[in-house]
2 protein chains.
Amino acid sequence: MSASPAKHDVFQAIADPTRRKLLELLSEQEMAVTTISSHFPISRTAVSKHLRILSEAGLVKEQKIGRETRYRMQPEPLRELQSWLAYYERFWENKLHALKRLVEGEASSNDQLSGPRLAPDNHRSTTKQS
Amino acid sequence: MSASPAKHDVFQAIADPTRRKLLELLSEQEMAVTTISSHFPISRTAVSKHLRILSEAGLVKEQKIGRETRYRMQPEPLRELQSWLAYYERFWENKLHALKRLVEGEASSNDQLSGPRLAPDNHRSTTKQS
DNA sequence: TTGACGCGCAACCATTTGGTTTCATATACT
DNA sequence: AGTATATGAAACCAAATGGTTGCGCGTCAA
């Protein structure tokens, strides 16, 4: 895994409200670009750019079918968000936390409620200080 | 509830890696600005700006003590993220989903696993199309 | 084969973002 | 009083963002 410049990460991708709407729309069904953009007040090109950002973050996947490009949602990257969030849940959860983690154990794999809960941002965290 | 222009929301606030680090740091203990910025390679002023953005999103709270300003983390706004994410969990969860939701029920209040799961972005979603 | 459709790309633009440096002010120390 | 510390505010900057319009190209349908 040395490739993938990954210019945009999940956090950035979902920061924009239009992009969240896009994701929501695509979660219901896959769609072609023009169809998608008919749901938004901005130009098709603008929508297309947003889609590319989502794509770079791995949140959508495109598939060319004839002259159209279908986009479908790809939820996996959201797990990163989830695990980031998991760290902070302890600040408002207290009661049934342990049980929940236990139940959920099968999902995260590296989330074993074992040690002192490592830091959240150790994900890829380029921390690009420009 | 007519006040609070809330220029920055949670999604935007956590989009920046530095801000996430900031949050992580402050989750351990409250700290004054200069102390905080000693942990970062950027200027104190820059850190201060990030703190203000976090503050606008409600993720940190400041308290003036003499000549210094202490910042502490405020996890509540992350619930919005959590509930946003909850919508998408159904796309990768399937097995123990119901149980988990049930266990967690006491935390979310509007998250009763009842109806057809309303749309995620209905939160405040200014959807500011600039 | 001639359009019409679907889409990406390039160029351009205004605004926002993440930084910096400098300055002003309030508080603490001696 | 005079100095050092802590922080915010202002002005400025380069780069990133979110948009737009126009163009070119592949694909589908007459």
Side-chain angles (χ1 to χ4, degrees), chain A residues 5-23 25-26 30-57 59-72 121 125-130, chain B residues 5-23 25-26 30-57 59-72 121 125-130:
Chain A
K7 200 179 145 202
H8 290 101
D9 64 9
V10 187
F11 293 93
Q12 244 174 288
I14 65 161
D16 184 275
T18 300
R19 239 126 57 199
R20 287 196 298 273
K21 284 265 177 60
L22 235 5
L23 213 55
L25 183 64
L26 292 175
E30 83 172 35
M31 251 180 262
V33 179
T34 305
T35 313
I36 297 172
S37 55
S38 75
H39 293 254
F40 294 84
I42 59 180
S43 74
R44 196 208 73 230
T45 312
V47 168
S48 213
K49 283 194 196 173
H50 281 304
L51 286 171
R52 190 141 60 81
I53 290 173
L54 288 173
S55 179
E56 285 171 1
L59 284 165
V60 300
K61 208 180 63 178
E62 57 257 63
Q63 182 192 7
K64 294 223 56 171
I65 300 184
R67 59 180 160 181
E68 63 184 21
T69 310
R70 295 285 186 72
Y71 281 84
R72 74 163 57 218
D121 218 353
S125 180
T126 326
T127 316
K128 49 141 194 207
Q129 250 81 233
S130 73
Chain B
K7 198 180 146 201
H8 289 102
D9 64 10
V10 187
F11 292 93
Q12 244 174 288
I14 65 160
D16 184 274
T18 301
R19 239 126 57 197
R20 287 195 300 271
K21 284 265 176 60
L22 234 4
L23 213 54
L25 183 64
L26 291 175
E30 82 172 35
M31 252 181 262
V33 179
T34 306
T35 313
I36 296 171
S37 55
S38 74
H39 293 253
F40 294 84
I42 59 178
S43 75
R44 196 210 72 231
T45 312
V47 168
S48 212
K49 283 193 197 173
H50 280 304
L51 286 171
R52 191 140 61 80
I53 289 173
L54 288 173
S55 179
E56 285 170 359
L59 284 165
V60 299
K61 209 181 62 180
E62 57 257 64
Q63 181 191 11
K64 294 223 54 170
I65 299 185
R67 60 179 160 181
E68 64 185 20
T69 309
R70 296 285 186 70
Y71 281 84
R72 75 162 58 219
D121 218 353
S125 181
T126 325
T127 316
K128 49 142 194 206
Q129 249 86 233
S130 74

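The shown structure was predicted, so the numbers you read here are calculated from the model rather than taken from an experiment. Naming convention: chains lettered A, B, ... in sequence-line order (proteins, then strands); numbering from 1 in each chain.
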Problem set entry | Distance below 4.0 Å between B:H8 side-chain N/O and C:dT16 OP1 or OP2 | no
For this session: Report yes if a side-chain nitrogen or oxygen of B:S43 is closer than 4.0 Å to either non-bridging phosphate oxygen (OP1 or OP2) of C:dT20; otherwise report no.
Result: yes
Exercise. Hey, which of B:E62, B:E30, B:M31 is the one that makes side chain to side chain contact (heavy atoms under 4.5 Å, CB included) with B:Y71?
Worked result: B:E62
For this session: Go through the steps to decide whether A:T34 and A:E68 satisfy the test side chain to side chain contact (heavy atoms under 4.5 Å, CB included), and finish with yes or no.
Result: CA-CA 9 Å; A:T34 305; A:E68 63 184 21; over 6 Å; no
Exercise. Going by an N to O cut-off under 4.0 Å, is there a salt bridge joining B:K49 and B:D16?
Worked result: no
Problem set entry | Base of C:dG6 paired with side chain of A:R70 (donor-acceptor, under 3.5 Å) | no
Problem set entry | Rounded distance (nearest 0.5 Å) linking atom CG of B:D9 with atom CD1 of B:I14 | 9.5 Å
Problem set entry | Pairwise 5' ranking along DNA chain D for A:K64 and A:T45, keeping only the more 5' one | A:T45
Problem set entry | Given C:dC7, D:dG19, D:dG18, the nucleotide with the shortest approach to the side chain of A:T18 | D:dG19
For this session: Could you tell me whether the side chain of A:R67 has a donor or acceptor atom within less than 3.5 Å of a complementary atom in the base of C:dC5?
Result: yes
For this session: Write down the distance between CG (B:D9) and C1' (C:dT16), rounded to a whole number of angstrom.
Result: 14 Å
For this session: Go through the N and O atoms of the side chain of B:R44 and the base of C:dG19, and report whether any donor-acceptor pair is under 3.5 Å.
Result: no
Exercise. Is the phosphate of D:dG19, meaning OP1 or OP2, less than 4.0 Å from a side-chain N or O of A:H50?
Worked result: yes
Exercise. If you check every side-chain atom of A:I42, which of D:dG19, C:dC7, D:dG8 has the closest atom?
Worked result: D:dG19
Problem set entry | A:R52 atom CZ: more than 12 heavy-atom contacts under 6.0 Å | no
Exercise. What integer distance in Å separates A:E62:CD from C:dC7:P?
Worked result: 12 Å
For this session: Report yes if a side-chain nitrogen or oxygen of A:Q12 is closer than 4.0 Å to either non-bridging phosphate oxygen (OP1 or OP2) of D:dA16; otherwise report no.
Result: no
For this session: Enter the distance from A:L54:CG to A:L26:CG here, rounded to the nearest 0.5 Å.
Result: 8.0 Å
For this session: Report the distance from atom CZ of B:R52 to atom C1' of D:dA9, rounded to the nearest whole Å.
Result: 9 Å
Exercise. Rounded to the Å, how far apart are A:F40 CZ and D:dG18 P?
Worked result: 14 Å
For this session: Measure from CD1 on A:I14 to C1' on D:dG18 and round the result to the nearest Å.
Result: 18 Å
Problem set entry | B:Y71 vs D:dG8: side-chain N/O to OP1/OP2 distance below 4.0 Å | yes
For this session: Would you tell me if any nitrogen or oxygen in the side chain of B:S48 comes within less than 4.0 Å of OP1 or OP2 on D:dT7?
Result: no
For this session: Send over the distance from B:L51 CG to D:dA6 C1', rounded to a whole Å.
Result: 13 Å
Seminar exercise, completed: Rounded to whole Å, the CD-P distance (B:E56 to D:dG8) equals 13 Å
Seminar exercise, completed: Winner on side-chain proximity to A:T69, out of D:dT7, C:dG8, C:dT20, is C:dG8
For this session: Report the nucleotide, chosen from D:dG18, C:dT20, C:dG6, that has the shortest atom-to-atom distance to any side-chain atom of B:K49.
Result: C:dT20
Exercise. In whole Å, what is the span from the CZ atom of B:F11 to the C1' atom of C:dT16?
Worked result: 20 Å
